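In what follows, a single structure is set out as structure tokens and then discussed.
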Protein chains: 2
Amino acid sequence: MTEFKAQPPAGLEPSAASRAGASVYELIRDDIVSGRLKANERLVVAELAQRHRTSTNPVREALQLLRGEGFVVFSPNRGARVRPIDQDFVRDIYEIGVLIEPALARWFVGMATLEDIAELEAIQDEIERNNFADPIRHSELDTRFHTIMYERHYNRHAAELWWKHREVLRAVSRRFSFTLARRAQVMREHRELIQCIKDGDAERAAALVAQHVEGSGRHILEQMRAAEAARAG
Amino acid sequence: MTEFKAQPPAGLEPSAASRAGASVYELIRDDIVSGRLKANERLVVAELAQRHRTSTNPVREALQLLRGEGFVVFSPNRGARVRPIDQDFVRDIYEIGVLIEPALARWFVGMATLEDIAELEAIQDEIERNNFADPIRHSELDTRFHTIMYERHYNRHAAELWWKHREVLRAVSRRFSFTLARRAQVMREHRELIQCIKDGDAERAAALVAQHVEGSGRHILEQMRAAEAARAG
DNA sequence: AGACTACAAATAATGTATAATCAGGCGTAG
DNA sequence: CTACGCCTGATTATACATTATTTGTAGTCT
């Protein structure tokens, strides 16, 4: 069986410049995406340096990198703040996914080999065997399922964009669990998608992926709204 | 008449942290996008610091920012290199544009006011008056034309993405000039687009934008191929 | 009193300088 | 051809200067 650990598509993980830099970058990024750092929270360089046992230089660089990726916002002479991973943000990126993923999927239908299809089915089997019992595992399997379809796409830019968005959504949805309705929907859509690929029906596959991503986005948004309502009420 | 200087959509220009930082960032970025820095060229921090009369810190931060935006690639312990703005790169981003811009345009059709349409027409008049005589001016007007349609879109992420891609394409195409065929096509498509918006025909507007972006991308790619062939032959 | 302004101190970003380490590349000796 | 050692430059670490923003205080005006 193949590796079922969620991995970036092609051969390129941003992988920060080096040891300290990479670790600071990843730690801060995780803190943002997972919600440990609150929206709009100030990111004071000296504090972060102390917390992560490094000097200020790597922290400053990590923040700039995060700025370039959109996770951190700078105001001149007032430093960095956490970009809020709020409902708007999630909606924005899943809507972009709805536009991009169908195109990636359409291409895949024309390129899929028997091995690809076998692997998709193996993963789907595994997803069903797991049946959401282990949410982390489900997330990894599901990500892998889509990665197989997108990772060989010639448009590296689009694939990279997809992967970045995927990571954010994955981190956000870790906070929630799947509703029964959504579980059934995921299973059904994956199976249907595999069938489309087998049939070589690119258009239907694209439409299905659009629907799948749309559904996934809606699901997360509803969970976020519910959580917020619970917090407020 | 309104401002015809190309400007970012909403109120947010990345605008690096401060004077020196911003200028280093912009200068390096321009050098990359305009082709003054060649593909895969090494970006030695000390050199850049000297050339731009600053210390190494701002340079390193600018490079990290550029990395986050995808213009620079890092290898651990071997520093930064220019990400090649080659045909693949251009194709990648214009293809993404073909997917995203129609969605932005579709939304605009449902939101356009009489003032918006008047402004689009004014700009198109201006474009026709200029008639590609001043290419820079044409580029600014054309960018403004599209900015009007996209800048108020609720999906800030998508609008920002569009703007970043637009800047790259603008810089690349500065090296070339418009073929007669392309000139006519631009005029026709803009006028048709305005008509669609007046009619409230969102679907046709979206299709037209897709075609328009597709055509623009193809045009640039062909120019790039021609230039490369000329260089090689 | 309440509110507003001017100025001073505190906080932190930004830029500069310099050193210490470390990894990779290159040339030379064996 | 391989091993050793040197050189370049990346990366990290400090320390400090400069600048901008924020905050607080005191004095003044209404």
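Quick caveat: nothing in here was measured; it's all calculated off a predicted structure. Only this structure's heavy atoms are used, side chains among them; waters, hydrogens and symmetry mates stay out.
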Side chain of A:P58: nearest nucleotide among D:dA20, D:dA10, D:dA13? D:dA13

Using the side-chain contact (heavy atoms from CB on, under 4.5 Å) rule, take A:N40 and A:V82 through it: C-alpha gap first, then chi angles, then the decisive distance, then the call. CA-CA 5 Å; A:N40 291 312; A:V82 175; over 6 Å; no

Rounded to whole Å, CG of A:N77 lies from P of D:dT22 at a distance of 10 Å

Out of D:dA13, D:dT11, C:dA13, which nucleotide sits closest to the side chain of A:S55? D:dA13

Mind telling me whether B:W162 and B:H146 have parallel, tilted or perpendicular rings, with 30° and 60° as the class edges? tilted

Distance, rounded to the nearest Å, where B:L43 contributes CG and D:dT11 contributes C1': 16 Å

In whole angstrom, give the distance that lies between atom CD of B:E47 and atom P of D:dT8. 13 Å

May I have the step-by-step check of side-chain contact (heavy atoms from CB on, under 4.5 Å) for A:M149 and A:L104, ending in yes or no? CA-CA 8 Å; A:M149 292 200 292; A:L104 299 177; over 6 Å; no

Can you label the angle between the A:H190 ring and the A:F145 ring as parallel, tilted or perpendicular, going by 30° and 60°? parallel

Length of the line joining A:Q64:CD and C:dG15:C1', which is rounded to integer Å: 13 Å

Value in whole Å for how far the C1' atom of C:dA17 lies from CD of B:Q50: 14 Å

In whole angstroms, the gap separating P of D:dA10 from CD of B:E61 amounts to 16 Å

From CZ of B:R60 over to P of C:dT14, roughly how many Å is that when rounded to an integer? 17 Å

For A:T54, report the nucleic acid contact type (base, sugar-phosphate, nothing); a contact means any heavy atom under 4.0 Å. sugar-phosphate

Please tell me which of A:N57 and A:R78 maps to the more 5' nucleotide of DNA chain C, matching each residue to the nucleotide holding its nearest heavy atom. A:R78

Quick one: which of C:dA12, D:dG9, C:dA23 gets closest to the side chain of A:R42? C:dA12

Atom CZ of B:F74 to atom P of C:dA23: distance rounded to whole Å? 18 Å

